[in-house]
Amino acid sequence: MRILCLDDEPLALQMLETSVKKAKPDAEVVPFDDQDELIADAKKNGCDVAFLDIHMRGMNGVEVAKNLKEINPKMNLIFVTGFSEYKGDAMDIRASGYIMKPVTDEEVASELENLRYEIIPKKNALLRVQCFGNFDVFTPDGEPVHFERSRAKEIFAYLVHRHGSSCTTREIAAALFEDEPYDKKQQSYLQTLIAAMNKSLKKIGAADAIRKSYNALSVNVDVLDCDYYRFAELDAGAVNSYQNEYMSQYYWAEFFFDDY
């Protein structure tokens, strides 16, 4: 979880940062006393939660919130202020929470436990998946995953592309082999490739990344940290990393992002 804190009063910012770190010791907490710097950081690196002082010199917290909503409409915004008249503005912008100063550890913790938009933790992901540019798969430590067969890797790519939807072996064959007949020879070859894919994933302890049902496969999206999935969730870091290339080595993915 990445949390940004904004207040132009140094002592108030320090108190807020301390409370947030107590509530979420594993989170990345970044304090700011300048509105433009916080917005620029959110655009570049993404943000799950932003605590915003409302009454500041220059751009007020509501205006900052509107800028952040343009970056990610599902960003959790929590206003921190000494002025209760701003509650209406907070509701209009669909803020996650509203805390009156001086902040307390209990109030901050309560707001972080009751966010408007759920944050799905990725620290326990079995695999890190890169779809932008060339498709690649990495362990949580950043080591590339070796697939014994390139076509086996392509099957995994297609399942990632389908974002958890169940795919029959015939559908996978149609994507990988286009107009080639789906005969017994192709079915046998496809089963060999699927077995090779499963073997490669099992070797690195990521067998649970694949869900199996009768004659169908899907990926378990809950155990993947994937840039494409983050893009779909409007994560700013993923959006900014997209450079008009998606799984570049696979022809079936060529036109997928044309409508974005």
Side-chain angles (χ1 to χ4, degrees), residues 1-4 26-30 38-50 67-76 115 117-147 150-167 172 175-176 197 200-201 204-211 217-260:
M1 183 185 295
R2 193 164 194 273
I3 304 173
L4 307 184
D26 295 331
E28 178 186 358
V29 183
V30 188
L38 178 139
I39 293 169
D41 182 87
K43 285 181 179 178
K44 181 179 180 181
N45 300 308
C47 171
D48 299 304
V49 184
N67 279 273
L68 294 177
K69 281 290 187 181
E70 290 179 2
I71 296 170
N72 180 0
K74 291 187 176 181
M75 190 182 300
N76 290 286
L115 296 171
Y117 302 108
E118 182 184 7
I119 298 170
I120 301 173
K122 293 297 183 181
K123 66 179 181 180
N124 295 323
L126 295 178
L127 298 169
R128 181 167 63 83
V129 180
Q130 173 188 299
C131 297
F132 298 159
N134 277 342
F135 178 80
D136 266 310
V137 186
F138 304 88
T139 67
D141 296 330
E143 292 295 320
V145 175
H146 173 69
F147 289 84
S150 61
R151 285 290 198 177
K153 181 178 180 180
E154 186 175 359
I155 291 174
F156 187 65
Y158 184 72
L159 295 175
V160 169
H161 169 74
R162 291 293 299 270
H163 206 156
S165 295
S166 184
C167 304
I172 296 170
L176 269 64
M197 175 191 70
S200 296
L201 295 175
I204 58 168
D208 288 344
I210 297 294
R211 287 176 168 161
L217 299 170
S218 64
V219 292
N220 180 359
V221 298
D222 294 335
V223 300
L224 302 182
D225 184 0
C226 175
D227 53 2
Y228 158 42
Y229 298 169
R230 288 185 178 275
F231 182 100
E233 296 165 2
L234 298 177
D235 175 88
V239 171
N240 289 334
S241 71
Y242 176 57
Q243 301 294 325
N244 297 314
E245 289 189 337
Y246 172 76
M247 296 193 184
S248 302
Q249 68 266 55
Y250 304 130
Y251 71 89
W252 45 260
E254 184 175 354
F255 302 108
F256 179 66
F257 268 77
D258 283 0
D259 294 331
Y260 279 84

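The chain is numbered in sequence order, starting from 1. Values reported hereafter were calculated over all heavy atoms of this structure, with side chains retained and with hydrogens, waters and symmetry mates removed.
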Does any part of the side chain of [Y], heavy atoms only, come nearer than 4.5 Å to the side chain of [X], both counted from C-beta?
X: Ile71; Y: Ile39; result: yes
X: Val219; Y: Tyr229; result: yes
X: Val160; Y: Leu224; result: yes

Do any N or O atoms from the side chain of Asp141 and from the backbone of Glu143 form a donor-acceptor pair under 3.5 angstrom?
->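 Not a single qualifying donor-acceptor pair exists.
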Ser248 side chain to Gly133 backbone, donor-acceptor under 3.5 Å =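 Yes.
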Can you name the residues that form a side-chain contact (heavy atoms from CB on, under 4.5 Å) with Tyr251, not counting sequence neighbours?
->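 Testing Tyr251 for side-chain contact (heavy atoms from CB on, under 4.5 Å), a comparison that skips the adjacent residues, returns Glu178.
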Out of curiosity, [X] [atom1] to [Y] [atom2], how far, rounded to the nearest 0.5 Å?
X: Met197; Y: Ile210; atom1: CE; atom2: CD1; value: 4.0 Å
X: Lys74; Y: Lys69; atom1: NZ; atom2: NZ; value: 10.0 Å
X: Cys47; Y: Leu68; atom1: SG; atom2: CG; value: 6.5 Å
X: Leu127; Y: Thr139; atom1: CG; atom2: OG1; value: 8.0 Å

Sort and list the pairs that fulfil salt bridge (charged side-chain N to carboxylate O under 4.0 Å, His left out) and have at least one residue in residues 244-253, not counting sequence neighbours.
->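 Every candidate salt bridge (charged side-chain N to carboxylate O under 4.0 Å, His left out) pair involving residues 244-253 fails, so no pair, neighbours aside, qualifies.
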List the atom of [X], the atom of [Y], and the distance in Å for their closest heavy-atom pair.
X: Leu4; Y: Ala42; result: CD1-CB, 4.1 Å
X: Cys131; Y: Cys226; result: SG-SG, 3.7 Å
X: Leu201; Y: Phe147; result: CD2-CZ, 4.2 Å
X: Cys167; Y: Ile172; result: CB-CG1, 4.0 Å
X: Tyr228; Y: Phe132; result: CA-CZ, 3.9 Å
X: Gly164; Y: Ser218; result: O-CB, 3.5 Å

Residues that Asn220 engages under side chain to side chain donor-acceptor pair (under 3.5 Å), provided they are two or more places apart |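 Result, side chain to side chain donor-acceptor pair (under 3.5 Å) vs Asn220: Arg211.
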Without placing hydrogens or testing angles, list every side-chain donor-acceptor pair under 3.5 Å for residues 152-159, not counting sequence neighbours.
residue	atom	partner	partner atom	Å
Lys153	NZ	Phe135	O	3.4
Lys153	NZ	Asp136	OD1	2.8
Glu154	OE1	Arg151	NH1	3.0
Glu154	OE2	Trp252	NE1	2.8
Tyr158	OH	Arg162	NH1	3.2

Excluding sequence neighbours, so at least two apart, what forms salt bridge (Lys or Arg N to Asp or Glu O under 4.0 Å) with Glu70?
->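 Partners of Glu70 by the salt bridge (Lys or Arg N to Asp or Glu O under 4.0 Å) criterion come out as none, since no residue qualifies.
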Who passes salt bridge (Lys or Arg N to Asp or Glu O under 4.0 Å) against Asp41, sequence neighbours left out?
->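 Listed in chain order: Arg2.
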Whether His161 and Tyr246 hold their rings parallel, tilted or perpendicular, with breakpoints at 30° and 60° |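 It falls in the tilted class, 30° to 60°.
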Of Val223, Ile204, Asp222, which is the lone residue that meets side chain to side chain contact (heavy atoms under 4.5 Å, CB included) with Leu126?
->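 Testing each of Val223, Ile204, Asp222 against Leu126, the sole residue satisfying side chain to side chain contact (heavy atoms under 4.5 Å, CB included) is Val223.
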For Asn134, does the CG atom sit with more than 12 other heavy atoms under 6.0 Å from it, leaving out its own atoms?
->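 Counting neighbours around CG of Asn134, more than 12 heavy atoms of other residues, nucleotides or ligands fall under 6.0 Å, so yes.
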Take Asp225 and Arg230, measure what salt bridge (charged side-chain N to carboxylate O under 4.0 Å, His left out) needs, and give me the verdict at the end.
-> CA-CA 8 Å; Asp225 184 0; Arg230 288 185 178 275; 2.8 Å; yes
